[in-house]
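So the structure is just underneath, and the comments pick up after that.
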Amino acid sequence: MAPKTYIADIAKYLGQEVTLQGWIYNSTQKGKLQFLMLRDGTGIIQGVIFKGNLPEELFDACLALTQESSVRLTGTVTEDKRAKGGYELQVSAVDIVQIAAEFPISPKEHGIDFLMEHRHLWLRSALQHAVLRVRHEVIRACRDYFDDLGFTLIDAPIFTPAACEGTTTLFETNYFDEKAYLTQSGQLYMEAAAMAFGKVYCFGPTFRAEKSKTRRHLTEFWMIEPEVAYCDLAMDMELAEGLLMKIVERVLENRREELLRLERDLSALEAIKRPFPRLDYDEASRMLKDAGSPFVFGDDLGAPDETLISQNFSSPVMVTHYPAAVKAFYMKRDPLRPERALCVDVLAPEGYGEIIGGGQREDDLDTLISRITAHHLPKSAFDWYLDLRKYGSVPHAGFGLGLERTVTWICGLQHIRETIPFPRTISRIYP
RNA sequence: UCAGGUGUAGCUCAAUCGGCAGAGCGGGUGGCUGUUAACCACUAGGUUGGAGGUUCGAGUCCUCCCACCUGAGCCA
């Protein structure tokens, strides 16, 4: 009985007989020869079937193998320059697990809507493997980064009683005949956790019911949100900068092959260096005005403005001190310029725009109460949050990193939707 | 919600001025011992997004509707 193995480990078995278990990625016949491209999730290898080496009925049975049929192939591993990857399997036995029905996704071109309609099958393709493996690496880098710094992972709830930020749209659910909402951010809960554990982060899904139809938006996306007690804006920015460096270093170290398959320009990632450029809102405004943007001083930066600024730098740009009026109620004001918030947005380079938003939180009870009133938020829903300012309030800060936007940038993709296994957008909840 | 665009075979797309509904791929059948999106021959495959209208005649023009795409606003 030949040992079972994975294609990723095939080099160890050169000259030996092994059994591989997988699916037919593509196949082609040439008379008495058949070539079966087998994938098993770890890689792809070509199986060669020659009529003279097999019982005739087995050779004929293999002719019936369709794309994505599941098979166990047993054969000898050989080296062959003619094969992609350098190795081949000289097949001696075939165990057909199932003959697949006609697979909708052929090796030829398809439109994005068709592919998304078949997302559950599209995941089998090489490019989607590459993107989702980079996603996995980014997640691992984030978790390792915070874990190594002594942070505690504290999961935030997904059902929440009220908006974290009053302006945006919430998904409403019926929670035993009461209204509940899907979370827009774990931040307020992380503030509670930071007062308990000092350094914390959460990593979970986030929901926004905004009717945004752009390549940067999903209705369900994942965020990594650290929160640190006794932390000011400058320390917060150091933390964010370190996280992004860690992500970039790790994907360059471990996912080079996937990035190259995605035709990512690696030099753009290799060019990223600390310290990242830091601009305050006034400097950013001047840059936009010089570039001829219709930007109005006092407004939030629009998507084209973010693109314009980030294109001027090879590393992510940190834009700070936005007008408090355009930011959330919990942002702490700059004591030197009370009309400004102690906040930071990090814009990814190459025009990718905002991937991080964060800053220092308002830690004074009375100020926070007046902000909640001014924003017309239901105070009763925030009683627990206000308790954090009553019982040992300290300066603290944190940020949220949008995972899919980060992966879009790292992979150099045009659109965010391929960076999550099953995207949810305003027009898609299937499959 | 607003602006622009698209909708034709399973998929990707053609169809001139309003004049016979087409190709490639994929599928099926046959051929080939080195294919990489193979190649060659044959073959099946259509409610042109939907409903009205104009016309001798509509994939094409008009009205309404639907779906999707790309942006804006909002945001990560």
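Every chain is numbered from 1, with letters handed out A, B, ... down the list of sequences.
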*Quick one: sort the A:Phe329 and A:Tyr385 rings into parallel, tilted or perpendicular, breaks at 30° and 60°.*
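Perpendicular: the ring planes of A:Phe329 and A:Tyr385 meet at over 60°.
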
*Can you label the angle between the A:His118 ring and the A:His120 ring as parallel, tilted or perpendicular, going by 30° and 60°?*
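Parallel: the ring planes of A:His118 and A:His120 meet at under 30°.
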
Measure from the side-chain heavy atoms of [X] and tell me the nearest of [options].
X	options	result
A:Arg208	B:rA76, B:rC74, B:rU35	B:rA76
A:Glu88	B:rC11, B:rG34, B:rC74	B:rG34
A:Thr214	B:rC75, B:rC11, B:rA72	B:rA72

[N] and [M]: how far apart are their [atom1] atoms, nearest whole angstrom?
N	M	atom1	value
B:rC56	B:rC20	C1'	16 Å
B:rG7	B:rG46	C1'	15 Å
B:rC66	B:rA51	C1'	10 Å
B:rA9	B:rU43	C1'	15 Å
B:rG18	B:rA23	P	24 Å
B:rU70	B:rG26	P	28 Å
B:rU6	B:rG49	C1'	11 Å
B:rG57	B:rC39	C1'	43 Å

[N], OP1 or OP2 - any side-chain N/O from [X] closer than 4.0 Å?
X	N	result
A:Lys213	B:rU70	no
A:Arg216	B:rA72	yes
A:Asn26	B:rA38	yes
A:Lys30	B:rG34	yes
A:Ser427	B:rC69	yes

Do [X] side-chain and [N] base share a donor-acceptor contact under 3.5 Å?
X	N	answer
A:Gln34	B:rU35	no
A:Ser106	B:rG10	no
A:His110	B:rC11	no

*Taking all non-hydrogen atoms of both residues, which atom of A:Leu132 and which atom of A:Glu418 are closest, and how far apart?*
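Shortest heavy-atom contact: CD2-O, 4.1 Å.
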
*asked:* Can you give me the closest heavy-atom contact between A:Leu233 and A:Gly359, atom names plus distance?
replied: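 Smallest heavy-atom distance, with atoms named: CD1-CA, 4.0 Å.
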
Specify the separation, in whole Å, of atom [atom1] of [X] and atom [atom2] of [N].
X	N	atom1	atom2	answer
A:Glu225	B:rA76	CD	P	9 Å
A:Leu33	B:rU35	CG	C1'	8 Å
A:Ile112	B:rC11	CD1	C1'	14 Å
A:Ile426	B:rU1	CD1	P	8 Å
A:Gln187	B:rC75	CD	P	14 Å
A:Ile105	B:rU12	CD1	P	11 Å
A:His217	B:rC74	NE2	C1'	6 Å
A:Gln29	B:rA41	CD	P	18 Å

*Checking all strands, does A:Glu404 fall into the base, sugar-phosphate, or nothing category for heavy-atom contacts under 4.0 angstrom?*
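Nothing: the residue A:Glu404, judged by heavy atoms under 4.0 Å, touches no strand.
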
*Name all stems that contain residues of RNA chain B, defined as runs of 3 or more consecutive Watson-Crick or G-U wobble pairs, both distances under 3.5 Å.*
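The stems are B:1-7 with B:66-72, B:10-13 with B:22-25, B:27-31 with B:39-43, B:49-53 with B:61-65.
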
*Take A:Glu241 and A:Arg278 through the salt bridge (charged side-chain N to carboxylate O under 4.0 Å, His left out) test and state the conclusion after the steps.*
CA-CA 11 Å; A:Glu241 187 179 86; A:Arg278 286 154 160 80; 2.8 Å; yes

_Nearest heavy atom decides the nucleotide; on that basis, is A:Asp80 or A:Gly402 closer to the 5' end of RNA chain B?_
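The residue mapped nearer the 5' terminus is A:Asp80.
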
*Residue whose closest nucleotide on RNA chain B lies nearer the 5' end, A:Thr66 versus A:Ile356*: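 It is A:Thr66 whose nearest nucleotide is closer to the 5' end.
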
Can the ring centres of [X] and [Y] be said to be less than 6.0 Å apart?
X	Y	result
A:Tyr281	A:Phe297	yes
A:Tyr175	A:Phe159	yes
A:Tyr189	A:Trp384	yes

*Taking RNA chain B as the partner, which of residues 409-424 of chain A come within under 4.0 angstrom of it by heavy atom?*
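A:His415, A:Ile416, A:Arg417, in order of number.
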
_Selection residues 339-360 of chain A - residue pairs positive for side-chain hydrogen bond (donor to acceptor under 3.5 Å, both in side chains), sequence neighbours left out_ =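 Output for this query lists A:Arg264-A:Glu350, A:Asp282-A:Arg340, A:Tyr322-A:Asp345, A:Lys327-A:Asp345.
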
*For the pair A:Glu68 and A:Arg39, evaluate salt bridge (charged side-chain N to carboxylate O under 4.0 Å, His left out) and give the outcome as yes or no after the intermediate values.*
CA-CA 9 Å; A:Glu68 289 304 317; A:Arg39 60 165 195 88; 2.7 Å; yes

*Does A:Phe221 stack onto the base of B:rA76, taking stacking as ring centres under 5.5 Å apart and planes under 30° apart?*
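It does: the two rings, one from A:Phe221 and one from B:rA76, meet the stacking criterion.
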
*Is there a donor-acceptor pair under 3.5 Å between the side chain of A:Glu404 and the backbone N or O of A:Trp222?*
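Present.
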
*Identify whether the distance between the nearest side-chain nitrogen and carboxylate oxygen of A:Arg135 and A:Glu258 falls below 4.0 Å.*
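Judged by the 4.0 Å cut-off on N to carboxylate O distance, A:Arg135 and A:Glu258 do not form a salt bridge.
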
